[in-house]
Student: 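Pasting a structure here, questions to come.
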Amino acid sequence: MKKTCKKINSKLSENMKSEIRMSVSKGERIAKVIARSGFCSRREAERLIINGKVKVNNKTLLECAVNVSLKDQIEVNDQPLQKQLATKLWLYNKQRGYLVTNYDPKGRPTIFEQLKEKLDYRFITVGRLDMDSEGLLLLTNDGDLARKLELPSTGWLRKYRVRVHGYVVKKELDLLKNGITIGGIRYGKIDAKLDKQQGSNAWLTLGIREGKNREVRKVMNHLGYKVNRLIRVSFGPFQIKNLTSGEIKEVKNKLFHDKLYFPKQEK
């Protein structure tokens, strides 16, 4: 395993490079190519195509079912699409009070504004954290990678430290191991542990694998506990550890590829 890892270059494993060479020879879907360039996510690329913002060889596309190759000239918003850069991954300790969005019409602060002077790369977030949440957020310049990592099928465990208002009943937390349905929405297994009861507040550790929209807050509210602090401490094999609030750190190439292409089974 270690010998195999050493053969990985600064961009992709041999298996991944082989896969890309095969896909290029046959052509790849245009949305995937745009996402891999780091311009945006695949879903956003599809919206751009449908809205007539993408051209291939000077012809405007209006459908996504189009394959392109390295020979094709691609433009997005009338600008040539940048060539794919080496895939990078960063760990970012998001501060409370920042939105995870490119632009907010209400003028509220966003992480993209906060990080524009720290990163020279166009980046995409792997999933989101709401404005009042904080902690670990993965960033990458590869939109296709971002999409893969945030899918529930990846099965990566997300761990949160959560402070709630209320006197927590351990039996209620144990019920979450079987999942729970709230308002017609089914939430999968949640590992919940009471760490400490401090007066009328309690600290919990929660582990989830799906990451549905505001899942932790909705589940806790359903149990009668109001969340007053929510910190994501890990996402799959990546942990926040000593990363200070607002700090960003690039994952080194070897660690990046070891974790993504040769992950160890989580306990």
Side-chain angles (χ1 to χ4, degrees), residues 41 43 89 91-101 111 124-140 145-243 245 251 259-260 263-267:
S41 68
R43 187 177 301 174
L89 186 72
L91 307 182
Y92 169 57
N93 189 345
K94 177 191 173 296
Q95 295 173 298
R96 190 173 184 175
Y98 284 83
L99 287 171
V100 181
T101 183
I111 67 164
I124 298 164
T125 63
V126 179
R128 292 174 181 249
L129 286 173
D130 62 46
M131 188 172 188
D132 292 325
S133 298
E134 55 194 292
L136 184 62
L137 193 62
L138 302 185
L139 312 176
T140 179
L145 174 63
R147 176 179 175 275
K148 291 176 182 177
L149 296 187
E150 66 188 10
L151 289 174
S153 58
T154 303
W156 275 2
L157 185 70
R158 290 100 153 153
K159 284 189 177 181
Y160 298 83
R161 286 272 289 153
V162 186
R163 187 177 67 194
V164 299
H165 180 71
Y167 295 92
V168 175
V169 178
K170 186 177 181 299
K171 289 183 179 180
E172 291 184 337
L173 298 183
D174 291 340
L175 294 175
L176 298 178
K177 293 181 180 179
N178 299 317
I180 189 171
T181 300
I182 303 173
I185 299 176
R186 183 65 183 173
Y187 297 96
K189 176 184 176 181
I190 299 175
D191 298 318
K193 182 181 71 171
L194 173 62
D195 296 322
K196 185 187 297 183
Q197 183 76 49
Q198 295 178 312
S200 60
N201 289 303
W203 277 101
L204 314 173
T205 296
L206 269 64
I208 62 177
R209 294 184 185 275
E210 293 180 313
K212 289 188 172 73
N213 184 39
R214 298 177 69 85
E215 179 172 346
V216 172
R217 295 182 187 277
K218 289 177 179 178
V219 171
M220 289 295 102
N221 186 65
H222 179 75
L223 295 180
Y225 308 124
K226 182 179 179 181
V227 174
N228 49 42
R229 194 169 181 191
L230 193 157
I231 309 166
R232 183 154 66 194
V233 295
S234 67
F235 191 110
F238 302 103
Q239 301 178 22
I240 199 168
K241 291 187 177 179
N242 298 323
L243 205 63
S245 182
V251 179
K259 296 293 188 183
L260 292 182
K264 294 180 181 179
Q265 288 288 344
E266 293 181 78
K267 296 181 180 179

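Atom set for the values below is all heavy atoms of this structure, side chains included, hydrogens, waters and symmetry mates excluded. Remember, predicted model here, so these are calculated numbers, not experimental data.
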Student: Return the CE to CG distance between Met220 and Leu204, rounded to the nearest 0.5 Å.
Tutor: 6.0 Å
Student: Work out which heavy atom in Leu194 is nearest to a heavy atom in Ala202; give both atom names and the distance.
Tutor: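 Looking at all heavy atoms of both residues, the closest pair is CD1-CB, 3.9 Å.
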Student: Hey, is the main chain of Ile240 close enough, under 3.5 Å, to the side chain of Asn93 for a donor-acceptor pair?
Tutor: no
Student: Which one of Arg214, Arg128, Arg217 satisfies the side chain to side chain donor-acceptor pair (under 3.5 Å) criterion with Ser133?
Tutor: Arg217
Student: Kindly give the heavy-atom pair with the smallest separation between Thr140 and Ala146, and that separation in Å.
Tutor: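 Nearest heavy atoms, Thr140 then Ala146: CG2-CB, 3.7 Å.
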Student: Between Arg158 (side chain only) and Trp156 (backbone N and O only), is there a donor and an acceptor less than 3.5 Å apart?
Tutor: yes
Student: Walk me through it: do Thr125 and Leu138 pass the test side-chain contact (heavy atoms from CB on, under 4.5 Å)?
Tutor: CA-CA 6 Å; Thr125 63; Leu138 302 185; over 6 Å; no
Student: Can a donor-acceptor pair be found, under 3.5 Å and without considering hydrogens, that links the side chain of Arg161 to the backbone of Ile231?
Tutor: no
Student: If I take atom CG from residue Leu149 and atom CZ from residue Phe235, how far apart are they, to the nearest 0.5 angstrom?
Tutor: 6.5 Å
Student: Using the side-chain contact (heavy atoms from CB on, under 4.5 Å) rule, pick out the option among Val227, Asp195, Asn228, Leu230 that qualifies with Arg163.
Tutor: Asn228
Student: Can Asp191 and Lys193 be counted as an ion pair, charged N to O under 4.0 angstrom?
Tutor: no
Student: Output yes when a side-chain donor or acceptor of Lys226 lies under 3.5 Å from a complementary backbone atom of Gly166, and no otherwise.
Tutor: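 No, the answer is negative, given that no donor and acceptor are paired below the 3.5 Å cut-off.
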Student: Nearest heavy-atom pair of Gly135 and Leu129: which atoms, and what distance?
Tutor: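 What the structure gives for the nearest pair is O-CD1, 3.8 Å.
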Student: What do the steps show when you test Tyr187 against Leu176 for side-chain contact (heavy atoms from CB on, under 4.5 Å), and what is the final call?
Tutor: CA-CA 9 Å; Tyr187 297 96; Leu176 298 178; over 6 Å; no
Student: So, for Arg186 and Lys212, which heavy atoms are closest and what is the spacing to 0.1 Å?
Tutor: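 Taking every non-hydrogen atom into account, O-NZ, 2.9 Å.
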Student: Is there a side-chain contact (heavy atoms from CB on, under 4.5 Å) between Val168 and Trp203? Walk through the geometry before answering.
Tutor: CA-CA 9 Å; Val168 175; Trp203 277 101; over 6 Å; no
Student: Measure from the side-chain N and O atoms of Glu134 to the backbone N and O of Arg96, and report whether any donor-acceptor pair falls under 3.5 Å.
Tutor: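 Checking the backbone N and O of Arg96 against the side chain of Glu134, no donor-acceptor pair under 3.5 Å is found.
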Student: Can you see which heavy atom on Gln197 is nearest to which on Asn201, and at what distance?
Tutor: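 Shortest heavy-atom separation between Gln197 and Asn201 comes out as NE2-O, 3.1 Å.
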